[in-house]
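Within every chain, numbering begins at 1; the chains are lettered A, B, ... in the order of the sequence lines, protein sequences first and strands thereafter.
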Amino acid sequence: MFDIRWIRENREAFDRGMQRRGLQPQAERLLEIDEERRKLLTELQELQNRRNAASKEIGAAMKAGERERAEALKAEVAEMKRRLQALEDAAREVEEKLRAALSELPNIPLDEVPDGESEDDNVEVRREGTPRAFDFEPKEHWQLGEALGMMDFEAAAKLSGSRFVVLKGDLARLQRALAQFMLDVQTREHGYEEVWPPLLVRDDALFGTGQLPKFAEDLFRTTDDRWLIPTAEVPLTNLVRESILPQDALPQRYCALTPCFRSEAGAAGRDTRGMIRQHQFDKVELVSITTPEEGRAELDRKLACAEDILKRLGLPYRVMLLCAQDMGFSAQITFDLEVWLPGQGKYREISSVSLCGDFQARRMNARYRPQDEKKPRFVHTLNGSGLAVGRALIAVMENGQNEDGSITIPEALRPYMGGQEMIGG
RNA sequence: GGAGGGGUGGCUGAGUGGUCGAAAGCGGCGGUCUUGAAAACCGUUGAGGGCCUUGCCCUCCGGGGGUUCGAAUCCCUCCCCCUCCGCCA
């Protein structure tokens, strides 16, 4: 959410940002509403001022026993009333209109973000690890999983429909091992505080992180008007909503392993096979709350925290800098990590790390009190996957597969698998 | 599900329809004292917004509406939190 005063003073920069996002210039429309709003406010405040003065005089006149003067003043104030009421209504209406308009606009990209319209315009920053050379045709994860009898899409369809999976036996355990491994690395080595958050949240929380009001169709809603979280970014970031933190409490780093629920409304026909794109998946999420000055450096740090998991699992990946129109609604800049899937022969997204600036903080009114300043300022927020567990499972399977369909477990996970080195075979 | 209690500044917590943006305490900041610190004492300290922007004004005591010349205070309504009972993992 943008500060209308900032738009007023940085009109060109704002519209340039909107344009990079693929939107028409917005400033003129917004500033018209703003001008209307300020005009009404000024008029309203003048009238309120007069009313207040008259009311005080009435009190004084009554005390002094000047009944006639008090009555005259009462009549005068009574006359203002209708006009005052009308102005109040109009002012509230136009403020709401402005708020509604602002709340639908995406964050604007930082200068270092490349222009572009789709994922084809994302920029590869670097590659890490070398894809393994196979002396046989590597299979896709669902082929491996089904052959092992540990990954069952048919059973899941009976229970829940498409885009669900049932994992069994060692694969179920491997999924659990991956999640525990990620949590342990992030909390014990990278300074994140482990959080066990609610999975059902209110409208306000989703407004705060930017999923609402615009993206309701991507979410699952409960019968009592709560929502299933699409990512732990929502509860973790909203931990600081409506608060003023002391500066020395920053940065705050939160980490949570949660299921995530997504309707995948706009993804019909995409990734229908296998467990790449599911309605329900586990993810270890990393959220940071920082000062404005520290935000950009924290982004690099968080990216490194996510990469560390891939490195320790021995999974080849590449780092992508997303182009302006491929970024999420609330992001100023996003790096994706794409893991190599030999079965598919493609790099696929496994983590997304974003800096949101004060965009979310404004929406949730999350502030801090700077050491040497009187006024509170908005915090900056960041989030990133560290990592998506289901996709990590796929990657471990496809990269660790053997010709006989067995899977070699990465060393880092073996302590979490009771020392086991292989699945199947 | 039943019954009750409550939402006030960074926090805790008073508040009689007018002089209440609001006592007091805590916390913060500045000072006195001290070699330094603590303690003590003194002072100071809410947020948002408008404008002819250094001063003046407006709004805000959960949200909205109402009564009134005037509402934190009275009425209505919605939201939220808590306690007890019941049920339950």
>> Could you write out RNA chain B as dot-bracket? Rules: Watson-Crick or G-U wobble, both distances under 3.5 Å, brackets [ ] for crossings, | for pairs with another strand, dot for unpaired.
In response: ((((((((.[[[..)..(.....]]]((((((.......))))))((((((...)))))).[[[[[..)....]]]]])))))))....
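Between B/rC58 and A/Asn52, a contact under 4.0 Å exists linking OP1 or OP2 to a side-chain N or O. For A/Arg369, no side-chain nitrogen or oxygen approaches OP1 or OP2 of B/rG28 to under 4.0 Å. The shortest distance between the side-chain N/O atoms of A/Arg5 and the OP1/OP2 oxygens of B/rG49 is below 4.0 Å. Side-chain N/O atoms of A/Lys375 include one lying less than 4.0 angstrom from OP1 or OP2 on B/rG48. Checking the phosphate oxygens (OP1, OP2) of B/rC57, no side-chain nitrogen or oxygen of A/Asn49 falls inside 4.0 Å. At B/rA47, none of the side-chain N or O atoms of A/Arg367 fall inside 4.0 Å of OP1 or OP2 (strictly under the cut-off).
Spacing between B/rU35 and B/rG46 at atom C1', rounded to whole Å, works out to 39 Å.
Nearest-nucleotide mapping onto RNA chain B: of A/Pro376 and A/Glu46, the residue sitting toward the 5' end is A/Pro376.
Residue contacts for A/Arg37: at a heavy-atom cut-off of 4.0 Å it reaches the sugar-phosphate backbone alone, with no base atom in range. Counting any heavy atom pair closer than 4.0 Å across all strands shown, A/Arg8 reaches sugar-phosphate atoms only and no base atom.
Summarising the geometry of A/Gly343 relative to A/Glu398, their closest heavy-atom pair is N-OE1, 2.8 Å, with the distance given to 0.1 Å.
Between the side chains of A/Glu298 and A/Ser288, at least one donor-acceptor pair of N or O atoms lies under 3.5 Å. Under the 3.5 Å distance criterion, with hydrogens and angles disregarded, no donor-acceptor pair is assigned to the side chains of A/Asn107 and A/Ser330. A side-chain N or O of A/Thr381 and one of A/Gln360 form a donor-acceptor pair less than 3.5 Å apart. Under 3.5 Å, the side chains of A/Gln26 and A/Arg29 contain a donor-acceptor pair of N or O atoms.
Picking from B/rG49, B/rC51, B/rC69 the nucleotide with the shortest atom distance to the side chain of A/Arg38 gives B/rC51. Minimum atom distance to the side chain of A/Thr42 is reached by B/rC51, of the listed B/rC69, B/rG49, B/rC51. The side chain of A/Arg92 sits closest to B/rG64 out of B/rG64, B/rG66, B/rU59.
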> Where do A/Arg173 and A/Asp170 land on the salt bridge (charged side-chain N to carboxylate O under 4.0 Å, His left out) test, with the steps shown first?
Replying inline: CA-CA 5 Å; A/Arg173 189 181 193 188; A/Asp170 281 348; 5.6 Å; no
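A cation-pi arrangement is found for A/Arg99 relative to A/Phe207, the charged atom lying closer than 6.0 Å to the ring centre and inside a 45° cone about the ring normal.
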